[in-house]
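FYI, side chains are in, hydrogens and waters are out, and symmetry mates aren't considered; it's all heavy atoms of this structure.
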Amino acid sequence: MLNKKIDEYLKNDYYPFHMPGSKRTDILRDDLPYQRDLTEIEGFDNLNDPGDILLDLNKKIAKIYGVKNAIISTNGSTCGILATIRALTYENNNILIQRSSHKAVYNAIELNNLNPSYIDVVLSEENAVVDIDYEDFYKKIRSKDYAAVIVTSPSYEGYIIDLEKIYKECQKQKVPLIVDLAHGSHFLLNNMWQNYFDIAITSFHKNLSALTPAACVFINNEKYFSEIQRNMAIFQTSSPSYIIMQSIDDMVNNYCKFNDLYKIMKENLDELYTLKLKHLKLIEHPNKDRSKILISTNNSNINGDMLQSLLKQEKIEIEMSYPSYALLISTIFDKKIGFDRLKEALIKIDENLDSGENASNFSYFIPETIKSIKDAQLSKKKCININNAKNRISGQFIYAYPPGIPLVVPGEVIDSTIIKTINNMFNNGISLNISTDVLIID
């Protein structure tokens with residue numbers, strides 16, 4: 001495979017009168033991989049038009065996941081989402097998307113001037129996205145001719161939706177299903193893998209071993225393959241990272257070891273989830289990925305942001321916090337010492353908390369749309385305080401990042417519910433992509 005071929009090539013002492021400019025130097029940091037940083041020299045294929053070793057890598061990935069085709073990305077899942085949506089929406093600009101879709105989906109809508117309809121989502125007590133509203137999905141997919149349906153499974157917090165049910169309805173309506181599977185590359189290990197989609201996009205770097213931002217497009221409907229591949233070459237850099245591709249190759253070569261590593265992680269998670277806490281709560285659910293460690297603060301006197309700060313004082317860095325929870329990501333490469341430190345920290349923090357009611361009102365409310373995203377972005381705008389923006393048309397996306405799910409989209413009316421949600425975020429220490437001012441259409 002790729003790494004083995006590079007090993008052999010480097011032994012032959014070719015001098016690199018080509019890119020990259022670092023020239024395999026030994027005068028810079030020795031913990032950065034300058035020695036293995038290559039470009040598309042003879043014999044090492046071209047990711048954007050693979051015909052040799054990188055084509056073989058795609059085929060091996062497709063075989064592992066049981067899909068028809070695979071296209072690796074060194075530009076993250078975002079590249080795969082942009083390429084896939086563009087490839088499927090040339091002749092029809094209507095798409096049906098889960099309202100809690102990642103901002104990459106909304107960016108594709110803007111770039112391609114699409115007309116989105118939104119599927120309502122269901123939230124947990126902690127205001128995590130746990131499912132879609134299936135009645136709303138059925139109603140909307142049967143109401144219009146769509147170029148594609150786009151859903152997210154698992155959610156950022158690890159909840160999966162019923163892809164089989166959704167896919168059957170999409171097939172019935174003859175609409176391709178695109179799944180944002182960014183957080184599910186490890187689902188072959190925990191038996192949560194659902195191969196019910198036309199196209200899915202996943203990130204190998206989020207839950208497996210490949211380097212950031214290694215990703216892949218899985219394709220089951222082969223009629224879309226060539227056009228998605230062409231669009232991948234449009235959105236992906238023409239100088240894809242051979243370092244990232246080597247890490248994908250290494251992941252593939254070591255995949256046979258991952259089941260044993262998963263068993264170790266499961267044992268550590270089993271111990272963690274039996275932890276007896278008085279105020280904090282580790283959330284479990286049959287449709288939730290346990291490796292996403294969701295800690296509710298609803299019954300305590302702190303919010304998610306405060307829990308994040310307390311954990312950082314214990315030298316534990318987490319993925320993100322929201323008003324009612326903190327989210328930690330574990331993988332098969334975590335060590336027992338890490339889980340032990342987490343358990344000790346949670347016990348210590350919990351003992352110093354008081355009971356309380358920290359539940360907050362929150363929703364991914366779907367506002368009234370006045371302008372398309374593209375038209376709104378091109379409109380004349382001015383900046384005003386969010387508290388003075390009631391009934392004004394938003395001129396920008398507003399979201400917390402992570403997770404990058406819009407609270408309001410350009411062209412939508414900012415109503416009192418949205419203002420209340422934004423202020424609730426601020427009051428709970430959650431960073432948004434705005435301060436107190438927002439762009440509105442003048």
Side-chain angles (χ1 to χ4, degrees), residues 1-2 45-50 54-88 101-108 150-156 158 178-189 193 195 197-220 224-225 228-255 258 289 291-292 319 329 331-333 401-404:
M1 295 283 284
L2 181 60
D45 213 348
N46 175 359
L47 180 61
N48 291 319
D49 186 21
L54 298 179
L55 178 61
D56 290 341
L57 182 56
N58 281 335
K59 288 179 177 179
K60 287 192 175 184
I61 292 169
K63 184 176 181 180
I64 288 171
Y65 284 91
V67 296
K68 300 286 181 63
N69 293 102
I71 305 172
I72 61 174
S73 166
T74 64
N75 278 34
S77 285
T78 291
C79 178
I81 287 169
L82 294 174
T84 298
I85 292 175
R86 184 173 188 265
L88 270 63
S101 293
H102 188 264
K103 64 178 184 175
V105 174
Y106 288 89
N107 288 339
I150 304 169
V151 297
T152 303
S153 185
S155 68
Y156 196 41
I178 303 169
V179 178
D180 180 348
L181 188 70
H183 288 266
S185 62
H186 61 305
F187 272 12
L188 288 178
L189 307 176
W193 175 252
N195 200 354
F197 52 78
D198 291 284
I199 303 106
I201 302 96
T202 197
S203 292
F204 291 140
H205 70 95
K206 285 180 166 62
N207 302 98
L208 292 176
S209 59
L211 297 176
T212 304
C216 194
V217 181
F218 298 142
I219 300 173
N220 279 325
Y224 300 116
F225 171 73
I228 291 173
Q229 186 175 55
R230 189 180 77 85
N231 275 276
M232 286 292 288
I234 292 172
F235 288 102
Q236 187 155 239
T237 173
S238 59
S239 299
S241 169
Y242 272 77
I243 299 299
I244 294 171
M245 285 188 278
Q246 287 169 70
S247 75
I248 296 174
D249 179 59
D250 193 48
M251 180 197 79
V252 169
N253 289 339
N254 284 285
Y255 215 99
F258 289 176
D289 172 15
S291 71
K292 293 293 187 73
E319 176 69 15
I329 295 179
T331 79
I332 58 176
F333 298 100
Y401 188 83

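- With sequence neighbours left out, the side chain to side chain contact (heavy atoms under 4.5 Å, CB included) criterion links Ile329 to Asn207, Lys292, Glu319, Thr331.
- With sequence neighbours left out, Asp250 forms a side chain to side chain donor-acceptor pair (under 3.5 Å) with Asn254.
- Considering every non-hydrogen atom in both Leu211 and Ile244, the closest pair reads O-CG2, 4.0 Å.
- Using a 4.5 Å heavy-atom cutoff, the side chains of Phe204 and Ser247 are not in contact.
- Residues passing the ring-ring contact (aromatic ring centres under 6.0 Å, His included) test with His183, sequence neighbours excluded: Tyr156.
- Residues passing the side chain to side chain contact (heavy atoms under 4.5 Å, CB included) test with Ala108, sequence neighbours excluded: Leu82, Ile85, Asn112.
- Listed by first and then second residue, the salt bridge (charged side-chain N to carboxylate O under 4.0 Å, His left out) pairs involving residues 229-248 are Glu227-Arg230 (not counting sequence neighbours).
- Partners of Ser155 under the side chain to side chain contact (heavy atoms under 4.5 Å, CB included) rule, at least two apart in sequence or in another chain, are Val129, Glu157, Tyr159.
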Mind listing the side-chain donor-acceptor pairs of residues 58-69 below 3.5 Å, one per line with the distance, residues two or more places apart or on another chain?
unit_1	atom_1	unit_2	atom_2	d
Asn58	OD1	Ile72	N	3.1
Tyr65	OH	Ser185	O	2.6
Tyr65	OH	Tyr255	OH	3.1

Given side-chain contact (heavy atoms from CB on, under 4.5 Å), test Met245 with Leu54 step by step and report yes or no.
-> CA-CA 9 Å; Met245 285 188 278; Leu54 298 179; 3.7 Å; yes
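- Of the candidates Ile178, Leu181, Ile71, Ile178 is the only one forming a side chain to side chain contact (heavy atoms under 4.5 Å, CB included) with Ile201.
- Residues passing the side chain to side chain donor-acceptor pair (under 3.5 Å) test with Asp45: none are found, sequence neighbours excluded.
- In this view, Asn48 and Gln236 satisfy the side chain to side chain donor-acceptor pair (under 3.5 Å) rule, not counting sequence neighbours.
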Apply the test side-chain contact (heavy atoms from CB on, under 4.5 Å) to residues Tyr224 and Leu88: give CA-CA distance (whole Å), side-chain angles for both, the deciding distance (0.1 Å), then the verdict.
-> CA-CA 8 Å; Tyr224 300 116; Leu88 270 63; 3.7 Å; yes
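- Take Ala215 and apply the side chain to side chain contact (heavy atoms under 4.5 Å, CB included) test, not counting sequence neighbours, and it matches Ser73, Ser77, Ser203.
- Atom CD in Gln246 sits 11.5 Å away from atom CG in Asn253 (nearest 0.5 Å).
- Ring planes of Phe197 and Phe218: parallel class, angle under 30° (limits at 30 and 60°).
- Every residue meeting the ring-ring contact (aromatic ring centres under 6.0 Å, His included) condition with Phe333, not counting sequence neighbours, appears here in chain and number order: Phe258.
- Under the side chain to side chain donor-acceptor pair (under 3.5 Å) criterion, Gln229 pairs with no residue, sequence neighbours left out.
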